[in-house]
Amino acid sequence: MNETAAVAHATHESPGFVRTYLFSTDHKMIAKQFLWLGLIMMLLGGLLALMVRWELAWPETQLPLMNLISEKTWEALNESGSWIARMIPNGFISPESYNSLFTMHATIMVFLVVMPILVGTFGNFLIPLQIGAPDMAFPVLNMLSFWTTALGGLVMLAGFFVPGGHAAGGWTAYAPLSAQAIYTGVNWGQHLWLISLFILGVGSLMGSINYITTVINMRARGMTWFRMPLTIWSLFITAVLLLFALPVLQAAAVLLLFDRTLGTSFYLPAGGGEPLLWQHLFWFFGHPEVYVLILPAMGIVCDILPVFSRKPIFGYKAMAVAMISIAFLGFIVWGHHMFISGMNPSLAVGFSITTILISVPAALITMNWIATLFRASIRFTTPMLFALGVVSMFIIGGLSGIFLGLAPTDIFLHDTYFVVAHFHYIVFGFSILGIFAGIYFWFPKMFGRKLNETLGKIHFLATFITFNLVFFPMHMLGIGGHMRRIYNPLQYPFLEPLQPMNVFITVSAFLLGASQILFMINFFWGLAGKKTWEQNPWEANTLEWTAAPPRPPHGNFLTPPIVHHGPYVYSLPGSTQDWAPQNEELPGKLARAAAG
Amino acid sequence: MTSLLKDQPPRAAPAQPLPGAPPPPGRRPGWGDDEGGPRRDDSPMPGMATAQLGMLMFLAAEGMLFAGFIGAFLVFRFGNASWPPPMQPRLPVAVTGVNTAILLLSGYTMIRALRAAARRKPAQLRASIIATALLGILFLAVQGYEWVRLVSFGLTMASGIYGATFYTLIGTHGLHVVGAVTWLLIISLLLARSRFRPARRLPLELCGMYWFFVVGVWPLLYVLVYLH
Ligand code: HEM
Ligand SMILES: [Cu+2]
């Protein structure tokens, strides 16, 4: 580092637009970059979902508003071979493009919405602030992590525009369906999908290395492992999961790409390959991945519940240990996705047992949440409502998971809408509601402005109700035999009686989508609103609320904070104030009570 | 918990926030050191330099990448009745054995380089680094030559699962050696221009960790892939 750069680094004298907003090394700015990426992608992913829903409710009819485009224009589009005409010829969804739609809906939601926001945004924003560090351990690597992710996103989007359309083998890309272009008619789309996944993996790994190192080495004085907020525990465990799971997906993706481009046959039985190998490698990554999608939200809920119940979290250490055991067990359950794949049936017994074992720590976490709420005088703020939403939805999603985790019931339910209902109770009811809880909670710290509480509560109610209207009936559809990933349910006479339910779900889905407009209004209104100097609006204990001003500068803390007790010291008996920031030293007797 | 509280040093006045005030310039004590030095505070964890810790995490991820490829390889090796499959060329076991020795030797020269850096012997450091890089290049050259021969015998990526697993696994390792050798060459260039102060051993140590990883996985690959 040369002299001038060193000075600039030390004083942060107006680093200029590019260094402030684009190539910033400030973890708080990088967190916001991830947030924008995720929110924009959420819009796209949601749109794709609504198109899928339209097809299921009113199969092979023209999409809404498409009649506004004249036939002549469609003809011209068709002739020029434009990507729009390929995706929705004449405004209709074709069987091929339907496959691309649900594949890309899931891929985008998982890799470009939930991961960037839960891991990218909250990980970046909260880890240094909550452990009392000036920044991440490797700020430049952190910046690279975002830009690698953005590049991966661009490659993923490019797939929509290449001849043949985007990947259409499902987000699970089972071989041999995904291994040869002849099966789906997709060539470059699937290539780009694999390349993008690899790049996104590199970006995530950079983040994980940073998170782990930062949590281990950069904690402020007095911030012992068991004084860390549970959000930090969850993000740390998430980073470890990614570190061990992502490279396996990358290896699997490389082999698949070789099959597609170099003429190898890793997954092609005709050439001596083994299609099941893909499923094993994919789900070895995939199951830890689903914990990546919920663990940070779990931590966020653990931090929000105590703040608004004004009570310590119930069973702090048990929570941390439960999260660790979930992560550990998560690596030995992947076979529950493969009960009917033709793998050795005796293996299914083992995988059933480990799967049911995971529900022990999961149930413990839920019980601790409920115990935290028990007899509390709850402040029903917007973040709290969303956190309570997570708790309740986790109960439903967890229970349906038990039916799927046991081979005897799963053989009947596999590949039906029951599965779709189950994982949406988790990825939407848990991850997305958790994301909203986190955004409403930390918005004042991120942007130095406040979101409107009333609008937030309406947004919660609308989302919570319509979400359940969309996804609860899917359980019934699935038990009724409705398969997932079908283009036109009406081609099966036995599904005809269920069609009204499909229509009901789709109408609800459009309402769910529309409810998010409330969030957008609130978000942009909040950003445009006036600055708040309120430093600790929720009267919370964790260190980020002690960093000044409401939007701390690069470097976070004016002096290194010193931590005196855990993060959940609320309503301490004998104390006049019902909260005690972690950097505030309590007088002797209270300190002992807080530590005990 | 209480015992931890007792360990606390006398406490400074709580940081009173001054809205809008710029952070004080310069490096502030009490946090992990930018240069990768150990934490200087009463950290509850044994201090390992930040950069080394990061490198260790990176190597863990690398290990899982190899684990993925090795797992795929094992599925085929033990899933096939005869391995190598009939009508496939045999791998050069003896030559690669010698090559294994070359790579292991480079691990030893790397140890010597690190020792020289610790004892501040620039001449020995430079010699050992160059020796390590040359041994790495020799390893790659021998392997490249063997690959050319194997291809001429008809073993290619597309010739069947045997060739595909072989080139994927050994090629991935080879790419890692290429990366590590490049890194070593950059370091020896810096050493030659004597821009490399022996006191700043950190980049060297990181490179050493990476090199040991690359050397360390090789014997495993040799045993699994070449010997059956
Ligand atoms: C407006 C909210 C949403 C709606 C209406 C919706 C609807 C759907 C539908 C209709 C499918 C296809 C089912 C089939 O295969 O036939 C699907 C699949 C899927 N969705 Fe969603 N979804 C929503 C939000 C999300 C979110 C937020 C995530 C992730 C965080 C997500 C992840 C997935 C996944 C992983 C699949 C499986 C795709 C596959 O099997 O290839 N969804 N969704
Ligand atoms: Cu699973």
Side-chain angles (χ1 to χ4, degrees), chain A residues 10-12 133-134 137-138 205 208-210 212-213 216-222 224-226 243-248 250-252 254-255 258 262-266 271-274 277 281 533 535 546-549 553-555 557-562 564-565 583-585 591-592 595-596, chain B residues 1-2 4-5 8-9 11-12 14-32 38-39 41-45 47-51 53-54 57-58 60-69 71-72 75-76 79-80 85 157-158 160-165 168 172:
Chain A
T11 57
H12 297 282
F138 311 109
L205 283 173
S208 303
I209 290 169
N210 227 337
I212 296 173
T213 311
I216 293 181
N217 257 17
M218 306 275 288
R219 279 169 291 132
R221 186 178 289 190
T224 59
W225 282 95
F226 284 111
L243 194 75
F244 286 102
L246 270 176
V248 176
Q250 290 176 312
V254 166
L255 299 184
F258 284 171
L262 300 183
T264 59
S265 317
F266 289 106
E274 179 56 84
L277 175 63
L281 292 176
W533 290 107
Q535 193 168 314
T546 68
H554 196 178
F557 300 92
L558 300 177
T559 48
I562 299 172
H564 296 277
H565 49 77
N583 66 344
E584 207 172 276
E585 195 172 20
R592 267 192 302 278
Chain B
M1 269 298 180
T2 23
L4 281 167
L5 273 175
Q8 297 300 327
R11 180 168 156 277
Q16 269 317 311
L18 300 172
R27 193 197 300 155
R28 283 149 293 168
W31 281 310
R39 289 162 55 98
D41 58 81
D42 59 343
S43 136
M45 280 291 292
M48 179 183 198
T50 300
L53 188 59
M57 295 304 138
F58 171 66
E62 289 273 38
M64 286 310 289
L65 183 76
F66 276 99
F69 285 131
V75 165
F76 292 114
N80 276 287
M157 277 298 258
I161 209 67
Y162 189 57
T165 49
T168 307
T172 306

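When reading the values below, keep in mind they use all heavy atoms of this one structure, side chains included, and skip hydrogens, waters and symmetry mates. A, B, ... follow the sequence lines: proteins, then strands. Residue 1 opens every chain.
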What is the minimum heavy-atom distance between [X] and [Y], and which atoms define it?
X      : Y      : value
B/T50  : A/A137 : CG2-CB, 3.5 Å
A/L277 : B/A72  : CD2-CB, 3.7 Å
A/L243 : B/A60  : CD2-CB, 3.9 Å
B/M57  : A/I212 : SD-CG2, 3.7 Å

Partner residues of B/Y162 under the ring-ring contact (aromatic ring centres under 6.0 Å, His included) criterion, sequence neighbours left out: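 Scan of B/Y162 (ring-ring contact (aromatic ring centres under 6.0 Å, His included), adjacent residues dropped) gives B/W83.
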Okay, A/F244 and chain B: the region with an atom under 4.5 Å from a heavy atom over there is both
Among B/G68, B/G54, B/G71, B/A67, which residue forms the greatest number of heavy-atom pairs with chain A at distances under 4.5 Å? B/G54
Which residues satisfy the side-chain contact (heavy atoms from CB on, under 4.5 Å) test with B/T168, sequence neighbours excluded?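 side-chain contact (heavy atoms from CB on, under 4.5 Å) check on B/T168 returns A/L255, A/F258, A/F266, B/F69, B/M157, B/T172.
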Against chain A, label B/F76 side chain, backbone, both or neither, depending on which of its atoms sit under 4.5 Å from a heavy atom there. side chain
Most heavy-atom pairs under 4.5 Å with chain B, out of A/V248, A/L281, A/T264, belong to A/T264
Measuring from atom CE of B/M64 to atom CG of A/L246, what distance do you get when rounded to the nearest 0.5 angstrom? 10.5 Å
